[in-house]
Amino acid sequence: MIDPKSLLDDLTEPQRAAATHVDGPLLIIAGAGSGKTRVITRRVAYLVSQGIPAWSILAITFTNKAAGEMKERIGHVLGRQVRDFGRLDQPWPTVCTFHSLCLRILRHYSQQVGLGATFSIYDSSDQTKLIKEALKALDISSDNFSPATVHNAIGDAKNKLITPEQFAEGARDFFHKTVARVYTKYQALLKQNNALDFDDLLMRTVQAFRDVPNLLPELQDRYQYILIDEYQDTNHAQYLLAHALAMKHRNMCVVGDPDQSIYAWRGADLRNILEFERDYPDAEVVRLEQNYRSTKTILAIASQLIANNTHRKKKDLWTENADGDKAEVTFCQDEHDEAEVVMRRLTEFHAAGVPWGDMAIFYRMNSLSRVMEESLFRNKVPYVIARGTEFYNRKEIKDVLAYLRLIANPNDEVSLSRVVNVPTRGLGDASLKQIAAWGIGNQRTLFESLAVAAKIPGVSSRAGNAAVKFVELVKKWRELAGIRVGGTSDGTPLAPSSGTPGEGWGGGSVDAANSAEISNADSEDSQGNADGSNPHSNPPPEYLKRGPEAGGEIRVSDQASLFGDESEWDAAPLDEEESIADEPFAPSDEPFAPPDEPTVATEDSALSIPPSVIPPMPIGGVRNLMEEVVRSSGMEAHLRKTGDADLSELKNVEELITAAAEFDKEQPEGTLIDYLAQVSLVADVDHMGDGGGSVTLMTLHAAKGLEFPVVAIIGLEEGILPHSRSRDDIDQKEEERRLFFVGITRARQRLLITKAQVRTVRGLRERTIPSPFLRELPEDYLKVTDRAGLDDIDARGGYGGSASRDDHNAGKLGFKRGQMVRHPTFGLGRIDEMTDTGSGTRAVIQFNAAGRKTLILEYARLEKVG
DNA sequence: GACAATAAAGTTTTT
DNA sequence: CTTTATTGTC
């Protein structure tokens with residue numbers, strides 16, 4: 001099996017301490033480049049080697065990519081593949097994102113939670129659509145309440161597990177009171193659509209922990225060893241969720257680095273990691289401070305920068321790596337010059353033998369990539385831009401997926417209205433509105449209304465016929481997908497989702513004993529509950545009761561109040577259709593199959609599987625269904641006719657079909673719902689890969705977790721990095737500094753940093769102010785080049801040349817009307833006009849090539865000619 | 001119902 | 001200066 005010794009051989013002392021910690025809380029502060037992933041992987045393997053059943057291990061990551069990589073690496077160390085069918089009941093370690101975990105839980109317990117098995121999952125654009133609808137329904141002008149703003153406020157509330165009722169209660173001012181109304185309406189709309197948004201996945205799961213008896217205890221016993229990666233990025237909902245799961249066995253291992261927290265704006269709460277030791281006073285703390293990635297120089301720069309953050313635990317990164325070269329800081333003239341500088345330098349590295357794929361360019365915002373791209377393109381430097389969600393955000397892709405979602409969930413009106421007229425079938429907005437209105441008046445869903453649209457008065461016969469035809473089409477597809485027409489489910493038991501039977505997963509006799517015990521406990525529990533009583537009438541377990549702290553800030557250390565005040569929760573019932581849960585809950589005998597006995601849908605177990613209503617898989621797989629949809633919906637023909645000349649849309653759709661075929665192959669038992677679950681929660685799907693032989697361009701945020709031998713960071717200017725929106729907020733400013741820190745620590749060997757003296761932002765060409773962060777870097781480790789002209793002491797950020805302001809000003813005296821001049825960017829020109837203003841002398845110059853420009857003499861690096 | 005004109009807004013974005 | 005979404009017109 002696994003030899004614990006070989007697992008630990010090549011680890012350092014602190015790494016080993018972390019990897020061999022078994023029981024009890026553990027905090028791993030993992031500095032940048034400290035071998036975090038390696039430690040996590042080894043620890044999982046070590047646990048298994050100690051006889052801990054693999055399926056009782058839960059590792060939570062933030063991205064699917066991270067989960068995939070970790071699965072792969074764990075599998076590698078353990079010598080067997082870690083598979084994942086996206087279900088709760090699987091005999092191997094669970095490695096997934098928070099959202100995926102929640103989805104698994106909600107689907108597994110869908111009956112008890114009061115959700116159908118076929119709810120849709122709304123991404124942020126769906127959310128925005130629905131919020132717009134809510135605003136409209138409430139007759140709120142979007143002038144003062146932009147959907148984006150409201151969207152943010154609601155998302156924020158959900159991250160903090162604040163229900164609409166609580167939100168309304170706490171709303172003091174007009175804005176919050178209005179948002180409260182929208183929030184309430186929005187939730188109602190979600191319910192009506194039988195949909196959850198991303199944030200709901202978390203929130204509903206935490207609610208289910210409180211409201212559904214036995215659910216939490218079952219999960220607690222299932223996942224006895226919990227590991228959370230990137231813990232500094234968890235929000236409040238995730239925090240509660242994880243700690244609720246860990247509460248019983250207290251085997252909670254969190255890994256993170258406060259200095260790399262860059263998602264506070266998205267609800268991440270840095271206190272989660274800073275206060276872990278308060279939550280678990282008995283926690284072991286391991287600090288990984290040795291860096292294996294970067295040169296001493298790069299590390300020194302990063303360290304000195306981050307030391308400027310005040311809200312911070314001190315950490316001393318060190319390395320045995322070489323000193324390395326100085327970082328190159330270049331003050332460029334403008335963004336074009338900047339791009340040239342970077343491009344030329346990268347080209348030089350390439351000529352010296354560095355592969356393109358080893359280099360990356362980071363920037364604060366996507367808009368900065370453009371000029372950079374042009375420069376690379378012009379000079380034939382291969383590059384890729386990492387924009388994760390690009391593919392799945394394409395219209396044609398979203399359309400196809402909307403069709404599939406509609407097939408799975410006809411109540412999903414966001415998807416329905418998205419595709420009902422794609423391609424156009426004579427069913428326009430006006431007709432749709434009429435039909436929808438009729439439906440509201442007659443208590444019919446939109447889909448039901450469409451079915452009888454031909455008989456609705458006022459609806460044109462053309463629209464009516466189109467609607468009926470559309471409904472027929474969807475029904476046909478539903479049949480193809482194995483969903484009984486007219487019914488919501490056919491109750492077919494779900495297929496076994498366990499993988500390769502036989503091979504013991506985390507085997508050993510200890511495991512078998514453990515799992516048997518757990519299985520027994522489970523079935524006892526379930527029988528206790530399966531006596532026909534409504535689970536919801538049971539009082540919640542003792543530990544779920546009790547009072548809240550003020551402001552919804554419930555910390556784990558106050559374990560009794562983890563779930564807040566009961567009455568608070570009562571204000572937020574799960575769903576009115578809780579009556580569904582009247583049916584006794586009969587969980588599987590082996591909801592969490594032990595390794596040697598994978599779940600098999602025998603006659604017996606078919607009964608014991610929770611009565612989930614997951615539709616069987618489409619005949620011929622998802623791929624077949626998708627192809628049929630694309631063909632018979634007319635999408636294919638439409639794209640062929642009206643799409644781009646190169647048929648790129650069609651190619652994208654074909655790519656989606658290929659991916660679906662892949663899914664069919666990997667998960668032969670996978671259903672349409674499984675597929676949708678996967679694509680809903682997967683935005684990037686290794687789509688971008690590793691840059692493969694090209695320079696990688698990406699935002700600083702996207703760079704987290706990656707490393708490159710050569711890194712360039714551009715746009716070190718006030719208002720860009722730090723971003724202007726963080727101007728007056730010290731916490732935000734510190735986050736910007738962390739962002740820069742993350743960027744720097746991605747570099748292994750070489751670091752380039754650039755700043756443009758003039759930059760065109762939103763069409764306005766303006767002088768820039770250097771980023772204050774530049775001044776925080778240790779001069780000794782920098783090689784500063786100033787191409788921008790020595791005209792402004794500030795522009796150098798305190799470094800560089802010796803020319804004084806006086807030198808330069810002296811030169812300006814000789815300018816007057818009619819003078820021929822040369823400008824570094826605009827070339828030759830003649831001064832047409834000069835005016836003295838408070839802020840300096842302006843000259844209107846007619847350039848030969850660049851046209852007429854107004855420049856401030858003091859700043860423009862003009863040279864007299866003739 | 002399709003297209004063009006116009007207006008508004010424009011950090012970052014793991015799911 | 002862009003891109004995107006909504007409006008208005010044919």
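In the text below, chain A, chain B and the rest are named by the order of the sequence lines, each starting its count at 1.
Here the side chain of A:D200 pairs no donor or acceptor atom with the backbone of A:R204 at under 3.5 angstrom. With hydrogens and angles ignored, the 3.5 Å screen pairs a side-chain donor or acceptor of A:T745 with a backbone N or O of A:F741.
Look at CE on A:M698: it is 11 Å from P on B:dT13, rounded to the nearest Å. Nucleotide B:dG1 holds its P atom 13 Å from the NE2 atom of A:H638, rounded to whole Å. Between the P atom of B:dT12 and the CZ atom of A:F741 lies a distance of 23 Å, rounded to the nearest Å. A:F362 has its CZ atom 16 Å from the P atom of B:dT12, to the nearest Å. The nearest whole Å value for the distance from the CG atom in A:D233 to the C1' atom in B:dT12 is 12 Å. Protein atom CD1 of A:I60 is 15 Å distant from nucleotide atom P of B:dT15, rounded to whole Å. Rounded to a whole Å, the CG atom of A:L368 is 15 Å from the P atom of C:dT2. The CG-P distance, from A:N235 to B:dT12, rounds to 21 Å in whole Å.
Heavy atoms of A:Q127 sit nowhere under 4.0 angstrom from any nucleic acid atom. Across all strands shown, A:N366 has heavy atoms under 4.0 Å from sugar-phosphate atoms exclusively, and none from any base. If you check every strand for non-hydrogen atoms under 4.0 Å, A:L103 touches nothing. If you check every strand for non-hydrogen atoms under 4.0 Å, A:F98 touches nothing. No contact: A:G705 has no heavy atom under 4.0 Å from any strand.
If you take atom C1' in B:dT12 and the same atom in C:dA5, they sit 23 Å apart, rounded to whole Å.
Proximity of A:N64 to the phosphate of B:dT15: a side-chain N or O atom is located under 4.0 Å from OP1 or OP2. Applying the 4.0 Å criterion to OP1 and OP2 of B:dT11, one finds that A:R725 has a side-chain N or O inside that range. For A:K132, a side-chain nitrogen or oxygen approaches OP1 or OP2 of C:dT6 to under 4.0 Å. The shortest distance between the side-chain N/O atoms of A:T424 and the OP1/OP2 oxygens of B:dA2 is below 4.0 Å. Between A:T699 and B:dT13 there is a side-chain polar atom (N or O) within less than 4.0 angstrom of OP1 or OP2.
Here the side chain of A:R462 is nearest to one of B:dT14, B:dG1, B:dT11, namely B:dG1. Here C:dT3 is the nucleotide among B:dT15, B:dT12, C:dT3 with the atom lying nearest to any side-chain atom of A:R370. Side-chain proximity of A:R266 to the nucleotides B:dG1, B:dT11, B:dT14 is greatest for B:dT14. Considering only the side chain of A:A702, B:dT13 comes nearest among C:dA5, B:dT13, B:dT14.
The nearest pair of heavy atoms linking A:A268 to A:Q232 is CB-O, 4.0 Å.
Closest-nucleotide positions on DNA chain B for A:S726 and A:T234 were compared, and the one nearer the 5' end corresponds to A:S726. Take the nearest nucleotide of DNA chain B for A:I262 and for A:A430: the residue whose nucleotide is more 5' is A:A430.
A:N409 and A:S120 form a side-chain donor-acceptor contact under 3.5 Å, judged by distance and modelled atom types alone.
Using a cutoff of 4.0 Å between basic side-chain nitrogens and carboxylate oxygens, A:R418 and A:D126 are not scored as salt-bridged. The residues A:E717 and A:R364 are annotated as not salt-bridged, no charged nitrogen and carboxylate oxygen being separated by less than 4.0 angstrom.
An aromatic stacking contact between A:H99 and the base of B:dT15 is absent, as defined here by ring centres under 5.5 Å apart and ring planes under 30° from parallel. Residue-nucleotide stacking is present for A:W265 and B:dT12, judged by a side-chain ring centre under 5.5 Å from the six-membered base ring centre and planes under 30° apart.
Side-chain atoms of A:I713 and A:I744, non-hydrogen and from C-beta on, do get closer than 4.5 Å to each other.
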